[in-house]
Amino acid sequence: MQAFIDACQTGDLNAEICLVLSNKPDAAGLERAAQAGLETTCVNHKNYDSRETFDAALVHALARHEPDLVILAGFMRILTPVFIEPFAGKLLNIHPSLLPKYPGLHTHQRALTAGDAEAGVTVHYVTPELDGGPPIIQARVAVEPGDTAESLAARVIVQEHVIYPIAARWQLEGRLELTAAGARLDGAPIPATGIDYVEGVH
């Protein structure tokens, strides 16, 4: 959230945040957004009897803003096609692993348990497959001796704040495209694991 607020304020991201939405009334992001003067709303999933009716309420809340881009961050609900299809091609998520490795939860611990030399984070398009949409960009972090899931997560989140605004900028500049064959940047196919982020290049 703060990374996007900062990017918009500095001009790194030529965008206006039209709405910050959460399914949790006490979400810290709502308070932070309100402090920044942004419009906020809560659609509490506990008030709906199915994922589909909840997702329809999300669509209703967002659609009146006609967003060019919908960014998921820390949103831990599984979305159905009711929500995904209206925003297909402009719905991004960030996942704390080097997809396709470790979709789902506990990604850092799973990387440590597997003895991986590196971990990281991926920005990807959202499709009905959980964490299975085409990757756009990845940032890698070396696993250090003595790392815990918490220490690894602390380094990964720094990279999250770097690459997510980059992917958003590409999308808003019309450089990104979701096709049936995967994601494309400037008309060229993006590798199946996403573009490797390189500081100073992207």
Side-chain angles (χ1 to χ4, degrees), residues 1-5 7-8 13 15 17-24 27-30 33 43 45 51-52 54-55 57-59 61-63 65 67-108 110-111 119-141 153 156-173 175-180 182-185 190-197 202:
M1 167 59 62
Q2 192 62 50
F4 284 104
I5 294 173
C8 290
L13 191 60
I17 300 173
C18 59
L19 179 67
V20 176
L21 188 158
S22 177
N23 63 314
K24 296 182 177 178
L30 290 179
V43 179
H45 63 279
R51 291 187 185 278
E52 287 77 11
F54 168 66
D55 284 1
L58 293 178
V59 172
L62 279 171
H65 294 278
D68 296 315
L69 174 64
V70 178
I71 292 170
L72 303 180
F75 192 79
M76 302 302 287
R77 302 283 301 174
I78 295 175
L79 294 165
T80 71
V82 172
F83 181 82
I84 294 170
E85 289 179 358
F87 303 111
K90 53 185 178 182
L91 180 55
L92 303 184
N93 185 38
I94 193 161
H95 182 75
S97 80
L98 297 173
L99 291 173
K101 274 190 170 182
Y102 313 131
L105 302 175
H106 310 302
T107 57
H108 305 307
R110 290 158 72 189
V121 58
T122 305
V123 179
H124 64 94
Y125 276 114
V126 176
T127 65
E129 182 183 356
L130 179 64
D131 298 326
I136 296 167
I137 186 170
Q138 290 187 328
R140 299 174 185 275
V141 172
V156 169
I157 200 169
V158 173
Q159 298 304 310
E160 291 182 20
H161 295 165
V162 173
I163 68 169
Y164 212 176
I166 291 173
R169 175 165 47 85
W170 288 346
Q171 178 74 24
L172 292 171
E173 291 174 347
R175 298 174 61 190
L176 272 179
E177 181 185 12
L178 175 63
T179 74
R184 301 175 72 89
L185 178 66
I190 292 176
T193 55
I195 294 167
D196 268 331
Y197 168 71
H202 298 111

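If you read the sequence from its start, that first residue is 1, and numbering goes on from there.
In this structure, the side chain of Q138 engages the main chain of T193 through a donor-acceptor pair within 3.5 Å. For Y164 (side chain) and F4 (main-chain N/O), no donor-acceptor pair under 3.5 Å exists by modelled atom type. With hydrogens and angles ignored, the 3.5 Å screen pairs no side-chain donor or acceptor of R175 with any backbone N or O of R169. Between the D55 side chain and the V82 main chain, no donor and acceptor come within less than 3.5 Å of each other. In this structure a side-chain-to-backbone donor-acceptor pair under 3.5 Å is present from T122 to S97. Put simply, the side chain of T107 gets close to the backbone of P96: a donor and an acceptor are under 3.5 Å apart.
In this structure, the salt bridge (charged side-chain N to carboxylate O under 4.0 Å, His left out) partners of R140, at least two apart in sequence or on a different chain, are E118, D196. Here Y102 pairs with nothing under the ring pair (Phe, Tyr, Trp, His ring centres under 6.0 Å) rule; sequence neighbours left out. For F75, the ring pair (Phe, Tyr, Trp, His ring centres under 6.0 Å) test picks out no residue, with sequence neighbours left out.
Summarising the geometry, atom CE belonging to M76 is positioned 10.5 Å from atom CG belonging to N23; distances are rounded to the nearest 0.5 Å. Within the model, atoms CG of L79 and CD of E85 stand 12.0 Å from one another, a figure rounded to the nearest 0.5 Å. Between atom CD of residue Q171 and atom CG of residue L13 there is a gap of 11.0 Å, rounded to the nearest 0.5 Å. In this structure, H161 NE2 and Q2 CD are separated by 9.0 Å, a value rounded to the nearest 0.5 Å. One finds the CD1 atom of I137 at 10.0 Å from the CD atom of Q159 (value rounded to the nearest 0.5 Å). Note that CD1 of I94 and CD of E160 are 4.5 Å apart. Values are rounded to the nearest 0.5 Å.
Atom NE2 of H65 is surrounded by more than 12 heavy atoms from other residues, nucleotides or ligands within 6.0 Å. The number of heavy atoms from other shown groups lying within 6.0 Å of NZ (K24) does not exceed 12.
Each of I71, V123, D131 was evaluated against N93; a single residue qualifies, D131, per the side-chain contact (heavy atoms from CB on, under 4.5 Å) test.
Of all heavy-atom pairs spanning H95 and G104, the tightest one is CE1-O, 3.0 Å. Among all heavy-atom pairs drawn from V20 and G29, the shortest one is CG1-O, 4.3 Å. Between I17 and C8, the shortest heavy-atom contact is CG1-SG, 4.0 Å. Across all their heavy atoms, L69 and A168 have their closest contact at CD2-CB, 3.6 Å. The minimum heavy-atom distance linking A7 with P165 is given by the pair CB-CB, 4.4 Å. P135 and A183 get closest at one heavy-atom pair: O-CB, 3.9 Å.
Side-chain contact between R51 and R77 is present, with heavy atoms from C-beta onward closer than 4.5 Å. Taking the side chain as every heavy atom from C-beta outward, I190 and L176 approach each other to under 4.5 Å. The closest side-chain heavy-atom distance from L130 to P103 is not below 4.5 Å. Between F87 and V59, the closest side-chain pair of non-hydrogen atoms falls below 4.5 Å. The closest side-chain heavy-atom distance from L178 to P134 is below 4.5 Å. A heavy-atom distance below 4.5 Å is found between the side chains of L91 and F83. For the pair W170 and I195, the minimum side-chain heavy-atom distance is below 4.5 Å.
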